[in-house]
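What you see is a predicted model, and the numbers here were worked out from it, not measured in a lab. As the structure lists them, so they are numbered: ligands from 1, and atoms in each ligand from 1.
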Amino acid sequence: MNSISLMFLVLLTYSQIVHSNVEKVIFTSSLAEPYPTDASFDNLLLVPLSEEHPTLRTQLNVSFPNSSSPNGQAHWFFLESLRPHQRYEVRICWAATQPTEFSLATFQVDAVLSDSSLLSSVSEYAYARHAKLGTGDIEALQRRKTAVRPDTTLLFLRLLAAADYYSPNDTLMMAAPPVAVDVILDRYIFNVFPKSLIPTALYLVLIAGCAWFVSGWVSRVCTAPSNEPPTSKKSQ
Ligand SMILES: *[C@@H]1O[C@H](CO)[C@@H](O)[C@H](O)[C@H]1NC(C)=O
Ligand SMILES: *[C@@H]1O[C@H](CO)[C@@H](O)[C@H](O)[C@H]1NC(C)=O
Ligand SMILES: *[C@@H]1O[C@H](CO)[C@@H](O)[C@H](O)[C@H]1NC(C)=O
């Protein structure tokens, strides 16, 4: 019992430490649907995340919240080749030295196409990005592309990034510097446990198992001598 409660304590402490710079969204993918054939989809040139390419290390522009963008600047990605009816999470990790408020959300293709504010957000983002893309960036994008399988589904990921600090330095208050982030797509095994956490979980289980056996052995060693006198008394 002790080792199990210790394990929970470790997990709790750990999750509180990392909370300061991890944000995530958990979602269940929809039914398989054909990949949109519309060429404008490919022309968006959004960076795709998939099980084959689950991580992305990048710099994201952030902005201070204002009346028109209360949650900061929007960034859009594709979540591609998702297994249907499968639970996933997307995590974003960033350095605690760059205080930022991130909000993540996923949207089905139809939801974006039928909502004018989402659609204009996607196209604004795509236009701004196109202007900055070099040929190297486009080649890197092509390498991330996975062959589209018919039994998969596609989602939009929206990431809102708002600067979350106050500085006496006017330069930093006028324009927040871009934030270095890792964006990670993680599939849940049996829809309960994130795949990337399995090594950590096995490690904790191993530690807990060892602690269990060692504590049992220690208590036997410690209690053995005190058990001795009663048995010798009985035999007298
Ligand atoms: C709010 O911030 C966004 C993102 O930086 C910017 O595009 C927009 O012009 C700002 N709006 C106002 C009213 O300042
Ligand atoms: C990020 O911010 C820089 C500087 O303000 C700007 O030049 C660039 O176009 C922005 N990138 C995107 C993708 O909006
Ligand atoms: C303000 O911040 C900018 C960007 O980090 C830096 O280059 C500059 O030296 C700072 N200015 C002062 C007065 O600290």
Write out the residue and atom name of the closest protein heavy atom to atom 11 (N) of ligand 3, then the distance separating them to 0.1 Å. Asn169 ND2, 2.9 Å

Check: Phe78 ring centre within less than 6.0 Å of Phe156 ring centre: yes

So, for atom 9 (O) of ligand 1, does the protein have a heavy atom nearer than 4.0 Å? no

Does ligand 3 come near enough to Thr171 that some N or O of the ligand is less than 3.5 Å from an N or O of the residue? no

Distance (rounded to the nearest 0.5 Å) between Phe27 CZ and Leu157 CG: 7.5 Å

Considering only the protein, which heavy-atom contact is closest to atom 6 (C) of ligand 1, and what is its distance? Asn66 ND2, 4.2 Å

If you count the atoms of ligand 3 from 1 in the order shown, which ones are under 4.0 Å from a heavy atom of Leu172? 2 (O), 5 (O)

Between Arg83 and Glu51, does any NZ, NE, NH1 or NH2 come within less than 4.0 Å of an OD or OE carboxylate oxygen? yes

Ligand 1 to Ser63, heavy atom cutoff 4.0 Å, flagged ligand atoms 4 (C), 5 (O)

More than 12 heavy atoms of other residues, nucleotides or ligands under 6.0 Å from CD of Gln108: is that the case? no

Does the distance from a Lys or Arg side-chain N to an Asp or Glu carboxylate O, for Asp182 and Arg57, drop under 4.0 Å? yes

Does the protein come close to atom 2 (O) of ligand 3 - that is, does one of its heavy atoms sit below 4.0 Å from that atom? yes

For Ser69, atoms of ligand 1 separated by under 4.0 Å from a heavy atom: 1 (C), 2 (O), 3 (C)

I need the single residue from Arg91, Lys195, Lys24 that forms a side-chain hydrogen bond (donor to acceptor under 3.5 Å, both in side chains) with Asp186. Which is it? Arg91

I'd like to know if atom 14 (O) of ligand 3 has any protein heavy atom within a distance of less than 4.0 Å. yes

State the atoms of ligand 1, each with its element, that fall below the 4.0 Å cut-off from a heavy-atom position in Ser68. 1 (C), 8 (C), 10 (C), 11 (N), 12 (C), 13 (C)

Classify the angle between the aromatic ring planes of His130 and Tyr127 as parallel (below 30°), tilted (30 to 60°) or perpendicular (above 60°). perpendicular

